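Let me begin by presenting the structure, written as structure tokens, before commenting on it.
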Amino acid sequence: MDAIELNYRLKRAGHTQVSLARELGVTRGVVNDVVHGRKSAFRVATRVADAVGVDVDVLWPGRYRQESLSHHPINNRAQ
């Protein structure tokens with residue numbers, strides 16, 4: 001999905017890059033850079049993906065693979 005479609009879906013879901021940035025405590029520029037694939041920020045990418053109801057790996061295939069595996073509940077069970 002390209003950045004235009006992603007921004008459209010964010011708006012349809014009731015969000016903007018500004019609203020997500022405020023929620024996450026980052027600048028809109030950081031959110032914009034993640035949406036456009038210019039920067040990697042797993043926390044921001046995860047929130048964007050959640051906002052549009054799509055898995056982070058679908059939006060950015062392979063980019064956050066290691067982070068998403070390490071944050072998966074099965075991989076974080078207490079031993």
Side-chain angles (χ1 to χ4, degrees):
M1 173 180 322
D2 67 8
I4 293 170
E5 176 71 15
L6 187 48
N7 281 316
Y8 172 76
R9 289 191 182 197
L10 281 171
K11 286 181 184 177
R12 294 253 327 178
H15 301 282
T16 64
Q17 289 184 11
V18 172
S19 69
L20 292 179
R22 285 182 182 143
E23 178 184 321
L24 294 166
V26 299
T27 66
R28 186 205 54 87
V30 170
V31 176
N32 187 267
D33 284 344
V34 170
V35 165
H36 283 84
R38 293 185 291 256
K39 288 187 179 176
S40 295
F42 182 68
R43 186 172 66 98
V44 174
T46 301
R47 182 62 188 105
V48 170
D50 287 346
V52 297
V54 178
D55 188 79
V56 72
D57 200 43
V58 171
L59 293 178
W60 299 281
R63 176 166 243 179
Y64 299 101
R65 186 120 176 93
Q66 188 62 36
E67 289 93 341
S68 63
L69 289 174
S70 67
H71 286 83
H72 193 278
I74 292 174
N75 293 331
N76 290 328
R77 283 188 276 177
Q79 304 221 6

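These numbers come from a predicted model, not from an experiment.
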ILVMFWY network linking V58 to V34, side-chain heavy atoms under 4.5 angstrom: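 Hydrophobic grouping puts V58 with V34.
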
Taking side chain as C-beta onward, heavy atoms only, is [X] less than 4.5 Å from [Y]?
X: Y64; Y: L59; result: no
X: R38; Y: N32; result: yes
X: L10; Y: V52; result: yes

Heavy-atom closest contact ([X] atom, [Y] atom, distance):
X: V56; Y: F42; value: CG1-CE1, 4.3 Å
X: D55; Y: A49; value: C-CB, 4.1 Å
X: A51; Y: A13; value: O-CB, 3.3 Å
X: G62; Y: D57; value: N-OD1, 2.8 Å

Can you list everything that forms a salt bridge (charged side-chain N to carboxylate O under 4.0 Å, His left out) with D50? Sequence neighbours excluded, please.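 If we apply the salt bridge (charged side-chain N to carboxylate O under 4.0 Å, His left out) test to D50, skipping adjacent residues, there are no hits.
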
Main-chain N/O of V54 paired to R9 side chain as donor or acceptor, under 3.5 Å: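 Absent.
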
Rounded to the nearest 0.5 Å, what separates atom CZ in R22 from atom OG1 in T27?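 Those atoms lie 12.0 Å apart.
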
Between atom CD of Q17 and atom CG of L6, what is the distance when rounded to the nearest 0.5 Å?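 These two atoms lie 8.0 Å from each other.
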
Who are the side chain to side chain contact (heavy atoms under 4.5 Å, CB included) partners of V26, not counting sequence neighbours?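 Applying side chain to side chain contact (heavy atoms under 4.5 Å, CB included) to V26 gives A21, L24, V30, V31, R43, V44.
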
